[in-house]
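Computed over heavy atoms, backbone and side chain alike; hydrogens, waters and symmetry mates excluded. Throughout, a chain's letter reflects where its sequence line sits, starting with A, and its residues are numbered from 1.
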Protein chains: 2
Amino acid sequence: MNNLFRALNDPTRRKILEILREKDFTAGEIADKFEMTKPSISHHLDLLKQAELVTADKQGQFIYYSLNTTILDELLKWIFTLKQP
Amino acid sequence: MNNLFRALNDPTRRKILEILREKDFTAGEIADKFEMTKPSISHHLDLLKQAELVTADKQGQFIYYSLNTTILDELLKWIFTLKQP
DNA sequence: TAAATAATTAGACAAATATCTAATTGTCTT
DNA sequence: AAGACAATTAGATATTTGTCTAATTATTTA
């Protein structure tokens, strides 16, 4: 859970997740949507990968990133437990 | 949302929320459940308050903290939107 | 009113984090 | 094989964060 909360605790990373909701994108395409250098975005993608919120699929010289929402079920469970009286 | 994610991104604070699920506790009672100084716990409670995850109710020299789960609805909505295809 | 108790605020410090530039790795094309 | 392109890794730096001790504020009680 630590990696998950850490990954979500940044607006850029949350925006990346929202972008990937539409469809898969390469690291470069994602970086183009931000006013930030590619290495910085690469680092954010790494944290998202560590949290298993995204998966990376290398195709030639490109790396496609996809959203993995199943890992969020753990978070949902935690929240619901907290809300349960 | 920033304050919310920030508040959740710490195991001590998440533990405090779980403790408050059972019932309200004073700051001192909460601090007693951790191996950490009272000022540190006080700081964590402040961040939780900033995120509106807890409310504080002063009764004499004691301050009772209660869990506020309604603020989590915002988070649930965000997660569900992300999961929605 | 003075001492005791509950809690916070202030200030210091080490560790973690976000960002950048420069360098590296891997792949494709000519 | 060389150059171009995609992406990451390495290293530096400023900011944020978590924790502590010491000091302060507010309330109760003897």
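In this structure, K33(B) forms a cation-pi arrangement with F25(B), its terminal cationic atom sitting closer than 6.0 Å to the ring centre and no more than 45° off the ring axis.
Nearest approach of R21(B) to Q84(A), heavy atoms of both residues: NH1-O, 3.2 Å. Taking both residues in full, the closest heavy atoms of L47(B) and A7(B) are given as O-CB, 3.9 Å, listed atom of the first, atom of the second, then distance. Considering every non-hydrogen atom in both G28(B) and K38(B), the closest pair reads CA-NZ, 3.7 Å.
Side chain of R13(B), nearest nucleotide from dG26(C), dA22(D), dG18(D): dG18(D). Minimum atom distance to the side chain of M36(B) is reached by dT19(D), of the listed dG18(D), dA6(C), dT19(D). For Q61(A), whose side chain is taken as the heavy atoms from C-beta onward, the closest listed nucleotide among dT21(D), dA6(D), dA7(C) is dA6(D).
Rounded to whole Å, the distance from OH on Y64(A) to C1' on dA6(D) is 11 Å. The nearest whole Å value for the distance from the CD atom in Q59(B) to the P atom in dT27(D) is 13 Å. Straight-line distance from the NZ atom of K58(A) to the P atom of dA6(D): 13 Å, rounded to whole Å. One interatomic measurement links the two molecules: CG of D57(A) to P of dG26(C), which rounds to 18 Å at whole-angstrom precision. As a whole-Å value, the separation of D46(B) CG from dG18(D) P is 12 Å. Straight-line distance from the NZ atom of K38(A) to the P atom of dA23(C): 19 Å, rounded to whole Å. We find that CG of D10(B) is positioned 12 Å from C1' of dA16(C), with the value rounded to whole Å. Note: CZ (F62(A)) to C1' (dT29(C)) measures 12 Å, nearest angstrom.
Between T26(B) and dA6(C) there is no side-chain polar atom (N or O) within less than 4.0 angstrom of OP1 or OP2. Put simply, S40(A) has no side-chain N or O that comes within less than 4.0 Å of OP1 or OP2 on dT19(C). Between T37(A) and the phosphate of dC20(C), there is a side-chain N or O to OP1/OP2 separation shorter than 4.0 Å. Between Y65(A) and dA6(D), a side-chain N or O to OP1/OP2 separation shorter than 4.0 Å is absent. Between H44(B) and dT19(D), a side-chain N or O to OP1/OP2 separation shorter than 4.0 Å is present. Applying the 4.0 Å criterion to OP1 and OP2 of dA16(C), one finds that R6(A) has every side-chain N and O outside that range.
With DNA chain D read from its 5' end, the first of the two nearest nucleotides for I41(A) and N9(B) is the one closest to I41(A). Of the two residues contacting DNA chain C, namely G28(B) and G60(A), the nearest-nucleotide position lying further toward the 5' end is that of G28(B).
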message: Show, in sequence, the C-alpha distance, side-chain angles and deciding distance for N9(B) and R6(B), and conclude whether the side-chain hydrogen bond (donor to acceptor under 3.5 Å, both in side chains) test is met.
response: CA-CA 5 Å; N9(B) 187 30; R6(B) 175 183 302 133; over 6 Å; no

